[in-house]
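As structure tokens, the structure follows; a few thoughts come after it.
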2 protein chains.
Amino acid sequence: MTRRPVTSVDVARLAGVSQSAVSRAFSPEASISPAMRARVLEAAATLNYRPSRIPAIMLSGRSLMIGVIVGGLSNPFYASALEQVAVSLQASGFQVLLVHVDDALTLDAALNQLASYRVDAVITALAIGTRDTAEALSALNIPAICFNSRFVGRNISTITSNNRQSGAMAAKIMRECGVRFPVWLAGPARNAASRERRHGFFDALTDHALIDHALIDHALTSDTPSPHPILELQGNDTYESGFNAMRDLLDRNFRPDGLFCSNDLMACGAMDALRDHGGLACPKDVIVIGYDNIPQGAWHAYDLTTFDQRTEKLVDAAMDILNDAFRPGAKALSRKIVVAAALVVRRSTAKAPPQVR
Amino acid sequence: MTRRPVTSVDVARLAGVSQSAVSRAFSPEASISPAMRARVLEAAATLNYRPSRIPAIMLSGRSLMIGVIVGGLSNPFYASALEQVAVSLQASGFQVLLVHVDDALTLDAALNQLASYRVDAVITALAIGTRDTAEALSALNIPAICFNSRFVGRNISTITSNNRQSGAMAAKIMRECGVRFPVWLAGPARNAASRERRHGFFDALTDHALIDHALIDHALTSDTPSPHPILELQGNDTYESGFNAMRDLLDRNFRPDGLFCSNDLMACGAMDALRDHGGLACPKDVIVIGYDNIPQGAWHAYDLTTFDQRTEKLVDAAMDILNDAFRPGAKALSRKIVVAAALVVRRSTAKAPPQVR
DNA sequence: GATGATGTTGCATAGCTATGCAAAAACCGG
DNA sequence: CCGGTTTTTGCATAGCTATGCAACATCATC
């Protein structure tokens, strides 16, 4: 086994032709006679030769690699999103250079790596919140696409779900179900999407003033941080945080009858706490709404009403941006795209409205 | 915005030094004076220059990229495995070139892509069963590492969980719980790991002859494929397949009291069917054992006893293989490593043995 | 100050493929 | 068979960085 990989010159020598001929044999559009191509391909097969894209990267300035930055693949939503991104990129002839990131520190190093491998663009599903990271992204001077991030900047495009309207929709469901003690289970504070969902939810609920403020205020103990009439719990997007937050609430003898969670993982955790810790039945005693439409939400143990972000549409939008960005003569673009989420109604909100409309 | 990326020559010109100096400024071991380095780095910062690894790939013959082939990220086990592989590879200074594969057809194309990008090695968690794919992998002439695949070949190393012993361990638990009507819920037939688990489970159960054959035989209808005294259900590693298989069994009025599933997703599905469709309580009426230790198995709705494959050990083993393979003067290696799975006992098997020992 | 040792810098080149251009070949019509 | 047209082939080169080597500078030592 020779360590050096087979080169086009090796093939050319074996076939008794020039190196250019070998190159052309592997290029479908090239001008080459069928006889020549056959001869070359035969020699190539003998040596098990495959043309390298590395020199082509230098010449063309296009690596056809897209840097994909991920974090938290333990959330099935992100795992699935990554899968769809990978499939779409491959279908468009791109390669995926994957980078996993834990914190902002790693991100900087990751961006350096991606830059040195000359990726043509970057796609990330991280909640890029800080100005620093956005600027670092901009400085790469290549198209960047962020999912569910609010940040805009030169060369940065964002694709988000219509989080605010979805929040309002959740509020509408609460009203229709006659919810009197609504609870909002928030994701991490730095998550822009979570903040938007909260915004829409709170605004729509308080606007319509269908909440029994007095009762809720009464239920709030002094150390509750939220100044709103809707009870707010703090989570961090994991099942455990949802379970714990709800368990603590139940321990304080608060019995919600409506719960909107910033994502499905927390919703599942909260539902388990409601059932096992509070003895509350869903949807009879409490209705629950999540976000993301992860497969687990459809499992019979949960049967969770949720919002589907339509990842396929998000990903399609990303592909459109890439195509536009690479069109010859294209300028740096920073587009902002919002895709409407689709409400998926399941049993967790199947409560007959107790009051006549 | 100039389309052409900044080059080391640009930096050299601005700093008034040679191109070599720029290169050395970015190479920690290089012989260069602090003054020179500072000057270069300043110019580089001005131009936002980062050295490209592309020419270095050509010169060194090492891309430091590892091709990672995945499929079925909707299984949290694989998503998590990918995450850990990515983290470890990055920590070792490698990049991850990710390829998603649906079927064998795509795999061939994927291998060609990886080869043309000159990845230094390939890691895959696919169940590579056919001889063709293994040969294609071998033909790449680079180290290949397969998780949970039985195939061996030149340059192919395999890392598997000790599936057979785990199966035997599951049988032991069944015996201790006094199970009389055991059921095996299999993964796809082409999944080598699933076959091994079945093997260990069946052997250990029949060896000890603690199963009430007559009763089980009676329960088997004529069209049941399995010739064994243990009832065998066919799944495809998804929640739905587990749910459906169990529901169909219950519809035929069979009431199992012990269930071993080839993976946790199917176990969760089967548990939901047992509860909602058969009215059976776990662990009182039926005990359930899964495989993989996905987070969902720990959720309160399931609380599933399962086998943890110790992904961190599998991944460490993979890193060891890579390091050895890249050691100067190393020969092609095809190692076979087996890592013992760790039994995680939870409530789904918490049944007091009814019979005195 | 001469000598040698050590440290620093620049020059030149390798690495592999795609492609513009020119040369050669093939083909075609008369 | 010949000039012209089209097709095919080979030559030469670009693309960017790391590094061996030589040249040069610096420094210490006697």
Side-chain angles (χ1 to χ4, degrees), chain A residues 2-41 43-44 47-65 93 112-113 115-120, chain B residues 2-41 43-44 47-65 93 112-113 115-120:
Chain A
T2 160
R3 200 73 200 120
R4 194 177 60 86
V6 180
T7 167
S8 63
V9 178
D10 299 331
V11 178
R13 189 161 26 227
L14 176 62
V17 298
S18 75
Q19 180 270 328
S20 338
V22 179
S23 174
R24 280 190 262 259
F26 282 91
S27 171
E29 347 270 318
S31 136
I32 184 175
S33 67
M36 169 73 91
R37 169 166 281 146
R39 213 164 115 203
V40 169
L41 290 184
L47 298 180
N48 195 22
Y49 165 79
R50 297 168 217 247
S52 165
R53 257 208 64 81
I54 306 298
I57 295 176
M58 290 180 54
L59 290 185
S60 67
R62 307 261 278 107
S63 66
L64 297 184
M65 291 193 289
N112 273 322
Q113 290 295 322
S116 73
Y117 276 85
R118 296 293 188 255
V119 295
D120 291 335
Chain B
T2 159
R3 200 72 201 125
R4 191 178 61 86
V6 180
T7 165
S8 63
V9 178
D10 299 331
V11 178
R13 187 159 28 225
L14 176 61
V17 299
S18 74
Q19 179 270 329
S20 336
V22 178
S23 174
R24 279 190 263 260
F26 282 92
S27 172
E29 348 269 319
S31 136
I32 183 175
S33 68
M36 168 71 92
R37 169 166 281 147
R39 213 165 116 201
V40 169
L41 290 185
L47 298 179
N48 196 20
Y49 164 80
R50 297 169 217 247
S52 165
R53 258 209 64 80
I54 306 300
I57 295 175
M58 289 178 54
L59 290 186
S60 68
R62 308 260 278 105
S63 67
L64 297 184
M65 291 192 289
N112 273 321
Q113 289 296 322
S116 74
Y117 276 85
R118 296 293 189 254
V119 295
D120 291 335

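So you know, we letter chains A, B, ... as the sequences are listed, proteins then strands, and number each from 1. No experiment lies behind these values; they were computed from the predicted model shown.
Whole-Å rounding puts the A:Arg24 CZ to C:dG20 C1' distance at 10 Å. As a whole-Å value, the separation of A:Arg39 CZ from D:dT9 C1' is 11 Å. When the C1' atom of D:dG15 is taken as reference, atom CZ of A:Arg118 falls 12 Å away, rounded to whole Å. Atom pair B:Ile32:CD1 and C:dT6:C1' shows a separation of 17 Å (rounding to whole Å applied). Protein atom CE of B:Met58 is 12 Å distant from nucleotide atom P of D:dC16, rounded to whole Å. Separating the CD1 atom of A:Ile57 from the P atom of D:dT17 is a distance of 13 Å, rounded to the nearest angstrom. We find that CG of A:Leu59 is positioned 9 Å from P of C:dA18, with the value rounded to whole Å. Atom CZ in A:Arg13 sits about 11 Å away from atom P in C:dC16, given to the nearest Å.
Dashed line: the shortest gap from a side-chain N or O of A:Ser18 to OP1 or OP2 of D:dC11 is not under 4.0 Å. Contact between the side-chain N/O atoms of A:Ser8 and the OP1/OP2 oxygens of C:dT17 is found at a separation under 4.0 Å. For C:dT17, the OP1/OP2 oxygens have a side-chain nitrogen or oxygen of A:Tyr49 closer than 4.0 Å. Under 4.0 angstrom from either OP1 or OP2 of C:dT9 there lies at least one side-chain N or O belonging to B:Ser33.
Side chains of B:Ile57 and B:Tyr117 form no contact here, defined as non-hydrogen atoms less than 4.5 Å apart. Proximity of B:Met65 to A:Met65: side-chain heavy atoms (C-beta onward) are separated by under 4.5 Å at one or more points.
Within 4.0 Å (heavy atoms only), A:Ser52 reaches sugar-phosphate atoms of the nucleic acid but no base atom. Using a 4.0 Å heavy-atom criterion, one finds that A:Thr7 contacts the sugar-phosphate atoms exclusively. Using a 4.0 Å heavy-atom cutoff across all strands shown, B:Phe26 reaches no nucleic acid atom at all.
With A:Ser63 contributing its side chain and A:Arg118 its backbone, the two residues share a donor-acceptor pair below 3.5 Å. Using a distance-only test at 3.5 Å, with no hydrogens or angles considered, no donor-acceptor pair links the side chain of A:Ser27 to the main chain of A:Ser23. In this structure a side-chain-to-backbone donor-acceptor pair under 3.5 Å is present from B:Ser18 to B:Ala21.
Comparing C:dC16, C:dA18, D:dA12 by their nearest atom to the side chain of A:Ser23 picks out C:dA18. In this structure, the nucleotide among C:dT8, C:dT19, C:dC16 sitting nearest to the side chain of B:Ser31 is C:dT8.
Applying the 3.5 Å distance criterion, the base of D:dA18 shares a donor-acceptor pair with the side chain of B:Gln19.
Between A:Ala21 and B:Ala56, it is A:Ala21 whose nearest contact on DNA chain D lies nearer the 5' terminus.
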